[in-house]
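Just below is one structure, and these are the notes that go with it.
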Amino acid sequence: MLRFDLISIFPEYLAPLKLSLLGKAIEKGLISINIHDLRDQTKDVHHSVDDTPYGGGAGMVMSPAPWGDAIDQISSDSDQIDLIILTPAGKKFDQKMASYFAHRRQLLFACGRYEGIDARVGQYYAGKSNFKVHEISIGDYVLGGGEVAAMVIIEATARLLPGVLGNPESLKEESHSIIGSSEDLLVEYPNFTKPAVWRGLEVPEVLLSGNHGAIAKWRKEQAERRTDQLGKE
Ligand code: 6GU
């Protein structure tokens, strides 16, 4: 059982996590997803979660106190927890990280908004022995907040867990699956299904041949060509 916790000021934004593949994984008891509202931790009448930046500048920064209180509450009886702080300044998320997270016990996502979370939050938990802190980005563009990024990471991670996918064989052959060493990442070959001719476009002959050796060779070549092509873009 892998436990996911998320803290956000827009908990409703995270509702899709309960649908489809992840919803089924929750029903099967393979994962749990717990969504927490940061504003529940605020003590002032306005439920404020942000303030102006020290040193000046545009925008607002999320105050450390509500974050600390929320994280403490969620982790109070956790002996091993990965705190994932979503930020465009973080390390770029990839399939290798998804695989790492799929082997952990409890993942806690801090979904910041505005100009981000006071840097001392990450610093504080990095100093606690039961925490590993990761600052993660999902790509080179800026989102309005970490919620969508957290959903991307959770979907990529959860589908790697045993029992989550209907057909685990699809994990082996798919795009970015790890073929050979972990450095040797290939994107997927193109896929086709019936009909054999669609709007004048034919399925490559070799796939209809029944020659499994030739099909495997063709697919490998296609995957390598696509992978090379990506490197050139
Ligand atoms: Cl994790 N957060 C925000 N706000 N923007 C992003 C991101 C995260 N990853 C890419 N862009």
Closest non-hydrogen atoms of Leu17 and Ile26, given as atom of the first, atom of the second and distance, are O-CD1, 4.2 Å

Which pairs would a plain distance check flag for residues 133-140, meaning a side-chain donor or acceptor within less than 3.5 Å of a matching protein atom at least two apart in sequence or in another chain?
| from | atom 1 | to | atom 2 | distance (Å) |
| --- | --- | --- | --- | --- |
| His134 | NE2 | Asp82 | OD2 | 2.7 |
| Ser137 | OG | Gly139 | N | 3.1 |
| Ser137 | OG | Gly139 | O | 3.1 |

In terms of heavy-atom contacts, Lys28 and Gly163 come closest through NZ-O, 2.9 Å

Using a 4.5 Å side-chain heavy-atom cut-off and chaining through intermediate ILVMFWY residues, the residues clustered with Val45 come out as none

Is any side-chain heavy atom of Arg104 closer than 4.5 Å to one of Gln80? yes

Tracing side-chain contacts under 4.5 Å among Ile, Leu, Val, Met, Phe, Trp and Tyr outward from Met1 reaches none

Side chain proximity check, Glu221 to Arg225, heavy atoms < 4.5 angstrom: no

Between Leu6 and Ala150 the two heavy atoms that sit nearest each other are CD2-CB, 3.8 Å

Minimal heavy-atom distance between Ala110 and Ile117, with the atoms involved, is CB-CD1, 4.1 Å

Assess whether a salt bridge exists between Asp118 and Arg120, defined as any Lys/Arg side-chain N lying under 4.0 Å from an Asp/Glu carboxylate O. yes

Are the side chain of Asn130 and the backbone N or O of Ser78 linked by a donor-acceptor pair below 3.5 Å? yes

Sorted by chain and residue number, the side chain to side chain contact (heavy atoms under 4.5 Å, CB included) partners of Thr227 (sequence neighbours excluded) come out as Leu186, Val187

Item to check | Check: Leu83 and Ile71 side chains under 4.5 Å, non-hydrogen atoms | outcome: yes

Quick check: does any side chain N or O of Asn34 sit under 3.5 Å from a backbone N or O of Phe4, one acting as donor and the other as acceptor? yes

Any heavy-atom pair between the side chains of Met151 and Pro16 that's under 4.5 Å? yes

Counting C-beta onward and ignoring hydrogens, is there a side-chain heavy-atom pair between Leu38 and Met62 closer than 4.5 Å? yes

*Path from Ile85 to Val61 over hydrophobic side-chain contacts below 4.5 Å*: no

Those residues at least two apart in sequence (or on a different chain) that pass side chain to side chain donor-acceptor pair (under 3.5 Å) with Asn167 are none

Among side-chain atoms of Gln73 and Gln41, is any donor-acceptor pair under 3.5 angstrom? yes

Should Lys220 and Glu224 count as an ion pair when the cut-off is N to O under 4.0 Å? yes

Interatomic distance, CZ@Arg219 vs OH@Tyr189, rounded to 0.5 Å, equals 4.0 Å

Is it true that Val148 and Val142 fall in one hydrophobic cluster, defined by side-chain heavy atoms closer than 4.5 Å? no

Heavy-atom nearest pair, Thr42 first then Ser48, reads CG2-O, 3.3 Å

Checklist entry - Can you find a pair of side-chain heavy atoms, one from Ile7 and one from Trp67, that are under 4.5 Å apart? => result yes

Between Arg159 and Leu165, the two heavy atoms sitting closest are O-CG, 3.5 Å

Cation-pi, Phe101 ring and Arg3 (6.0 angstrom, 45 degrees) = no

Open item on the list: Any heavy-atom pair between the side chains of Arg226 and Pro190 that's under 4.5 Å?
Closed with: yes

* Asked: Is the closest side-chain heavy-atom distance between Lys18 and Ile33 below 4.5 Å?
  -> yes

Under a 4.0 Å threshold between the charged nitrogen and the carboxylate oxygen, would Arg113 count as salt-bridged to Asp50?
no

Using a 4.5 Å side-chain heavy-atom cut-off and chaining through intermediate ILVMFWY residues, the residues clustered with Val206 come out as Phe192, Val203, Leu207, Leu208, Ile215, Trp218

Quiz item: Is Tyr125 reaching over with its side chain to a backbone N or O of Gly68, donor-acceptor style, under 3.5 angstrom?
Solution: yes

